[in-house]
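Accompanying notes for the structure given below.
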Amino acid sequence: MEHDTVQGSSVAILSSRRKTSVQALRSEIISKLAYSIGKDAATARDHDWLTAAILVLRDRIVDGWMSSVREAKRSGRKRVYYLSLEFLIGRLFKDALGNLGMTEPMREALRDLGVDLDAIAGLEPDAALGNGGLGRLAACFMESMATVGVSGLGYGIRYDHGLFSQKIIDGRQVEVPEDWLSFRNPWEFLRREIVHEIGFGGSVGMNNGWDGTARHAWQPAEIVLAMGYDTPVVGWGGRMINTLRLWSAHAVDPIRLDAFNRGDHVGAMADSTRAESISRVLYPSDATPAGQELRLRQEYFFTSASLQDLIRRHMQRFGDIRSLHEKASIQLNDTHPSIAIAELMRLLIDVHGISWDEAWSMTREACCYTNHTLLPEALESWPVGLMERLLPRHLQIIYAINQHTLDEARKKMPVGRPEDAARISRISLIDESHGRRVRMGNLAYVGSHKVNGVSALHTELMKETVFKDLNQILPGRITNMTNGITPRRWFTHANPKLAGLVCDAIGPGVLDDLENITAFERYADDPATKERFAAVKRANKEALAEYTFEQLGIRIDPAAMFDIHVKRIHEYKRQLLNIVETVALYHAIRAEPDRKWTPRVKFFAGKAAASYVQAKSIIKLINDVAKVVNADPAIRGLLKVAFLPNYNVSLAEILVPAADLSEQISTAGMEASGTGNMKFALNGAITIGTLDGANVEMRERIGSDNIVIFGMTASEVEDRRNAGYNPRAVIEGDPALKEALVSIGTGQFSPDDPARYRNLVESLYDSDFFMVAADFASYVQAQRRVDALWSNPSDWWRKAILNTAHMGWFSSDRAIKQYAEEIWKVPFWRTT
Ligand code: 26V
């Protein structure tokens, strides 16, 4: 029997059934090279080998894909449509090989051809069609749907350019355009026949429908074409293969010949340039005020294309629009696709002639919405004027929905109380207080039958804050779906050594269902397992040390504690708290060099939105601190700081398996869930974290002895803010903190520009909205608890093993099954 990297699983059985002979693969690769790429083995470059190997793999996938599609059609069952402006996929080659149990045969076939699989796999560009957590969650969910047997289609945008690449030049972030399609994308299939017309602007008139009734008719001033590209999504074992359909924007007429012939060569392309700009580039949206018209055009473009597409599919299969909500569940990933509520109403009423009441109940039955952040600056709203200009019919519909919602709300309120007027204005879909704006979160809420948060704490806070009033008027909709991560990418493939160890201990069933990993708990006190666990970690740390040396020229000792803080750079995620503590530690080591310090390497990585000045200043500070600390012989290498450039999915796959300590230190109440926290803990890192997001549930499952919690709780943060927080007093009362801040503020780390961090430091003294000072002492104490733990390796590895053993519940398979059962009401395979 053939085996994959991880032995003995159902995948091995599957691969033997398929008779994936190495010989067959070899000859298929050679013929792809010749007939699809036009090269022979002598002239092929590494990139050509990669493309050939992917095309061979894709051929194997296609059969299963078609049978999944046929089976879904035949069964007539309900489907999930996952609408997301972001899918942060990363590389697919190794993931798909692993899921199909073909890693080893492919490795051998390539080896016979003189090609190293790992080397060419490293050439695949990351599909970076997302900013961070929200986009990565969508990618994990797609893979889990295919794994647990939920028939689903992901809809998004095929951006020509994904999230910018980050270069660090002189310690500063420089954004470089990303160009993942430059070598063509061998995974995708262009569906020329799947094209939808997307309208913008124009006016709304009336006409008569086929039955003689009057209907609104929108005459758009501009039409853009949405063209579909399909990528197969392979689940574990390849039992089901779903589709990710991404839309690319095109002009109706690629060129205006009349203008061209007149000699206006640029003007002849103007329409085409304008249309195609819609799918040109991903917005680095999680800090720019995405008020730009282009962003709304992107949102409407992909939402309308997706709804038209799913309605077309529904009509083909069932022939009756009235059963749409019984056969389709439309999941809105944040508010980005929430114009779907108005667009679906428009399609049902104006195009399909459904009455308002029936259309409204169908829309609500079909749609559901996930909220991913409570930060007020991140809650989308659009100026009424812009909406009127771009989507006049939708604005009419939104007004009508609003009327209906407010009428219902008024009925539920006793008349005449002064506070009712304020409540009504908060529920309204139109915010009248900042110019007139359409509140997209409220639209998504009223148009969905379920509204979910992404961790228990976040869901509770949703009920108390952003959706407090709506929850009172329209109760029972808010529900919690704690996030999860796919164990294939984040365990089996990223950390094959650890997966192998766990499989050897408790058997391969863990690969089919991560929740089986609890059986690994029994090994927490087994010295041999601890030793192997430590050896795996050591090997992963050596790989990261080598990578760090290649990237930054910094030499680090793999025996040191690897303390890792990687995620988008945001003030609420508090990279600043970490670097200030690093500075305090540096001072302490310098003051007492002979004390028994724990050798540590502090790793940071993450991108700041291009316009986010404060976040960029934090990146510069980390790099400035690194320069001074790493070069100071007085601390004898006990502390090192490394900022790794261009954090992305592939870099995370190197970092996550190599962490001893995982930093999850957001200001409590601000991180909706986090998913990096789950990846690290599953791979045996100890978490130092606040009681925020899913850290709370991680503590419940891992046990409070096995996670290091510090700082204020969400309600303490709120109370402190309300009571009038005085950071200056806190700083003055904490000599170590004060010394660290003074040294940063007066240029110890920026001798070339001593005032560089004056504003940053002053903002901590003056307001410190994210409570860095308030949590500082508690964070320092927690770090010293971590040091104490590290000094007892037997205890450390026991806790590390218990982390791995208790993270099974955080699989995205579990999350998807919950969505399937409680929100979508669709069937899935049960693995018991
Ligand atoms: C954040 C911010 C921060 C400041 C300015 C504007 C802005 C805009 C958007 C966002 C967050 C975007 C949504 C997002 O990515 N949320 C993340 O979703 C993850 C998956 O549910 C979750 O684990 C993270 O906690 C949450 O931040």
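Counting starts at 1 for both ligands and their atoms, in listed order.
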Is it the case that K607 places NZ or CZ above or below the six-membered ring of F164, under 6.0 angstrom from the centre and within 45 degrees of the axis?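 Output yes; distance and angle both within limits.
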Contact check: [X] vs ligand 1, nitrogen or oxygen atoms, below 3.5 angstrom:
X: K573; answer: no
X: H570; answer: no
X: S673; answer: yes

Using a strict cut-off of less than 4.0 Å between a Lys/Arg side-chain nitrogen and an Asp/Glu carboxylate oxygen, indicate whether [X] and [Y] qualify as a salt bridge.
X: R295; Y: E299; value: yes
X: R436; Y: E432; value: yes
X: D431; Y: R426; value: no

Only heavy atoms of [X], strictly under 4.0 Å: list the atoms of ligand 1 that pass.
X: Y572; value: 27 (O)
X: G133; value: 19 (C), 20 (C)
X: A672; value: 25 (O)
X: G674; value: 22 (C), 23 (O), 24 (C), 25 (O)
X: V454; value: 21 (O)

Only heavy atoms count here, so choose which of K567, H372, E377 is nearest to atom 18 (O) of ligand 1.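 Comparing heavy atoms across K567, H372, E377, the nearest one to atom 18 (O) of ligand 1 lies in H372.
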Validation row, ring centre F302 to ring centre H336 under 6.0 Å: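 No, the ring of F302 stays outside the 6.0 Å limit from the ring of H336, centre to centre.
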Using non-hydrogen atoms of the residue, decide whether G693 is closer than 4.0 angstrom to ligand 1.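 No, G693 has no heavy atom closer than 4.0 Å to ligand 1.
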Judged by non-hydrogen atoms, does Y612 sit under 4.0 Å from ligand 1?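 Contact check Y612 vs ligand 1: negative.
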Side chain, backbone, both or neither: [X] near ligand 1, heavy atoms under 4.0 Å:
X: R136; value: neither
X: T370; value: neither
X: L134; value: both

[Y] and [X], any side-chain heavy atoms less than 4.5 Å apart:
X: F604; Y: V566; answer: no
X: L129; Y: I157; answer: no
X: E653; Y: W490; answer: yes

Do you know which of K602, K573, E581 makes side-chain contact (heavy atoms from CB on, under 4.5 Å) with E663?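 Option passing the side-chain contact (heavy atoms from CB on, under 4.5 Å) with E663: K602.
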